[in-house]
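Have a look at this one before I ask anything.
Excluded from the calculations below are hydrogen atoms, water molecules and symmetry mates; all remaining heavy atoms, backbone and side chain alike, are included. Each chain gets a letter, A, B and so on, in the order its sequence line appears, and its residues count up from 1.
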Amino acid sequence: MSTDYMVDVRGVHKSFGDLTVLDGVDLQVRQGEVTVLLGPSGSGKSTLLRLINHLERADRGFISVGGELMGYRRSGNRLHELKEREILKQRTKIGFVFQNFNLFGHLTVLENVVEAPVSAQRRPRAEAEAEARELLDRVGLADKADQYPRRLSGGQQQRVAIVRALALEPDVLLFDEPTSALDPELVGEVLAVIRDLARTGTTMVVVTHELGFAREVADTVVFLDEGRVVEQGPPADVLDNPRHARTRAFVDKVL
Amino acid sequence: MTSDLRTRPASAAAPEETLRIVPARHPLTWIAAAVVAVLVAMAGHALITNKAFDWPTFTRFVFQKSILEAVALTLELTLFGVVAGFLLGTVLALMRISRNPLLRAVSWTYTWIFRSVPLILQLLFWYNLAILYNEVSFGIPFGPSFVSVGTMSLIPPFLAAGLGLALHQGAYAAEIVRAGFLSVDAGQREAAAALGIPAGRQFRRIVLPQAMRTIVPTAANEIIGLLKATSQVYVMALPELFYQVQVIYTRSGRVIPLLLVATAWYLALTTVLSVAQFSVERHFGRGTQRTLPPTPLQRLRAAWRRA
């Protein structure tokens, strides 16, 4: 298995009952690259993202992140399923940002951010808190550290969620439609944060419907339809000169 | 039509600062309130003037040592039943949502049996456990035993009563705790898993505190229910509150005032529990409301300031 890639997805299949969601997907992401996953709803984008950090288990195929096989340990010709505890450990190297933020409502912003560094990485609380405040400051939320998430706007909540993912200093960040649950006027502030991360060389895989954002930030755009990769390449090719009729139809409809 | 509406107030031509708001009147509400006030006064009057209530006897017994000891025992039984019952209930709830079908089946069966059999019957079974098994031995299952203890000495009456209450309560608590888990959005668990938070910590720090919001109101109901259910322990001849007043009135023949003694104590204990419920709910409500509701004390102070 090649380890040149930060994220390496090989021949992944996934079905839920009779429904085939992913049907032999390959995806490679180099370190520091931004990959945008596009596709109509039901095309398997979110499932692919959830497979990468092993929130779902692939039926066939393998996924490695940072050269490490997700969910299995290889010895010789055998793959041993990892225990929950080991999978949780692997996940700390992958940041995941949800469409609905999923902030912990009973914890303050600061507690949300330091929870995983303290409990999963066993970092001293004081150190984690200092770092959390620094990160919050970076996204313009330094003054919200002691608020509860419900007192924040959707855009602010999503920025906290991004900070929470960053606090683990992950190798890769996965974004599952980070702006789909937001009011239109709040989309910009979240995209600005993601754009800033792209500029500083963070490896990211982003599921989004924001084509403008994809064009500006993505190194690679991957178009998925019916569980397969239809087309991939630089945004100038895929978005402006799509080779496939299905890609063209999608781009025309979304724009 | 709309333009008509908009122009009308202007044509009414009253300068805005002279407009006065007249609150709507509710004459029926006033009449109803008056009727209820009269009824309450009548009930109070009847309670005070009827000699049969025998208030002097009530006051003589309400703080008597044997009654106070009985109240203490009632409280101990309630505490034991609640703590052990909810610990058991949490384990049963976790079994019920586990992936293992055997654990799920055992949990379901337990709840089924212990919810089906009346508490008083269960208590009698525990009371008579020594007839069923007169020895309890510890050792290898189905193999040799290391220690044997007589059931009577292992399970004294208080423990038998406490266990009876707890095992019964556990079946109900299991469902309450399970409902609490189900009420927490799946995204919370998922986010915790995505962050790599250890499984035990996910449960204690993320799921349970949020489940408590659903659990507490129903649990408070159950705790108050259990407080009163301790009165059924009288069948085991344990001198809790209800048993004790019965002992006293069979001796003295003053039934009503002693029933009132028990009533007053149950009322007082329930009041304490209700106040506790309020503050516990307030604690677990953190983050769910924009501002926490005022405590009764804060409300009183606010009313005082307004007056």
Side-chain angles (χ1 to χ4, degrees), chain A residues 46 49-50 52-56 83-109 111-122 146-152 157 160-161 163-170 173-176 181, chain B residues 90 94-95 97-101 103-104 177 179-219 277-294:
Chain A
S46 293
L49 221 53
R50 295 163 60 81
I52 293 175
N53 79 339
H54 220 70
L55 279 177
E56 311 271 0
K83 295 223 173 67
E84 179 72 10
R85 178 201 301 259
E86 296 160 307
I87 293 170
L88 285 168
K89 208 166 168 198
Q90 287 189 324
R91 289 209 191 104
T92 60
K93 294 183 186 163
I94 304 170
F96 200 102
V97 177
F98 295 86
Q99 183 177 346
N100 297 318
F101 333 133
N102 287 342
L103 292 177
F104 306 131
H106 63 303
L107 303 179
T108 63
V109 164
E111 288 168 336
N112 262 279
V113 177
V114 301
E115 177 58 30
V118 169
S119 73
Q121 294 181 325
R122 312 220 150 269
D146 300 315
Q147 301 265 358
Y148 285 101
R150 273 189 193 78
R151 303 200 66 159
L152 308 182
Q157 289 192 42
V160 172
V163 165
R164 183 173 70 171
L166 283 173
L168 288 164
E169 295 172 356
L173 274 179
L174 310 177
F175 292 87
D176 188 6
Chain B
T90 307
L94 287 174
M95 284 167 70
I97 55 177
S98 101
R99 256 170 293 190
N100 186 323
L103 294 185
R104 280 204 306 266
V177 173
F181 292 161
L182 293 180
S183 74
V184 179
D185 180 39
Q188 295 286 308
R189 256 315 260 292
E190 212 161 58
L195 286 164
I197 296 169
R201 176 98 179 168
Q202 283 181 28
F203 175 69
R204 285 194 320 275
R205 174 78 166 161
I206 307 299
V207 178
L208 194 59
Q210 301 191 71
M212 286 305 273
R213 264 186 347 107
T214 319
I215 293 174
V216 170
T218 338
Q277 176 188 359
F278 178 84
S279 29
V280 173
E281 268 179 38
R282 202 165 178 276
H283 172 79
F284 286 109
R286 274 171 313 159
T288 56
Q289 282 147 322
R290 280 169 183 254
T291 48
L292 285 174

Query raised in the report: Which answer fits B/Arg205, side chain, backbone, both or neither, if we ask what part of it has an atom under 4.5 Å from a heavy atom of chain A?
Result: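 Contact with chain A is through both the backbone and side chain of B/Arg205.
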Query raised in the report: In Å and rounded to the nearest 0.5 Å, what is the CZ to CD1 distance from B/Arg204 to B/Ile206?
Result: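 These two atoms lie 10.5 Å from each other.
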Query - Distance, nearest 0.5 Å, that separates CZ of A/Phe104 from CG of B/Asp185 - result: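 Taking CZ in A/Phe104 and CG in B/Asp185, the distance rounds to 11.0 Å.
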Query raised in the report: Are there more than 12 heavy atoms of other residues, nucleotides or ligands under 6.0 Å from atom CZ of B/Arg189?
Result: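 Atom CZ in B/Arg189 is not crowded, with 12 or fewer foreign heavy atoms closer than 6.0 Å.
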Query - Region of A/Ile87 that comes under 4.5 Å of a non-hydrogen atom in chain B - result: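 Looking at A/Ile87, nothing touches chain B.
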Requested in this report: Nearest 0.5 Å please: distance from the CZ atom of B/Phe284 over to the CG atom of B/Leu208.
Outcome: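 That separation rounds to 7.0 Å.
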Query raised in the report: Is chain B contacted by the side chain of A/Asn100, its backbone, both, or neither, given a heavy-atom distance below 4.5 Å?
Result: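 For A/Asn100, no heavy atom lies under 4.5 Å from chain B.
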Query raised in the report: Among A/Lys89, A/Gln147, A/Arg164, A/Glu115, which has the most heavy-atom pairs under 4.5 Å with chain B?
Result: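 Greatest number of close heavy-atom pairs with chain B: A/Glu115.
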Query raised in the report: chain B: which of A/Leu107, A/Val97, A/Leu174, A/Val118 shares the most heavy-atom pairs with it under 4.5 Å?
Result: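 Highest number of heavy-atom pairs under 4.5 Å: A/Leu107.
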Query raised in the report: Do other residues, nucleotides or ligands put more than 12 heavy atoms under 6.0 Å from the CZ atom of B/Arg104?
Result: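 Atom CZ in B/Arg104 is packed in, count exceeds 12.
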Query raised in the report: What residue in A/Arg50, A/Lys93, A/His54 has the most heavy-atom pairs under 4.5 Å with chain B?
Result: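 That would be A/Arg50.
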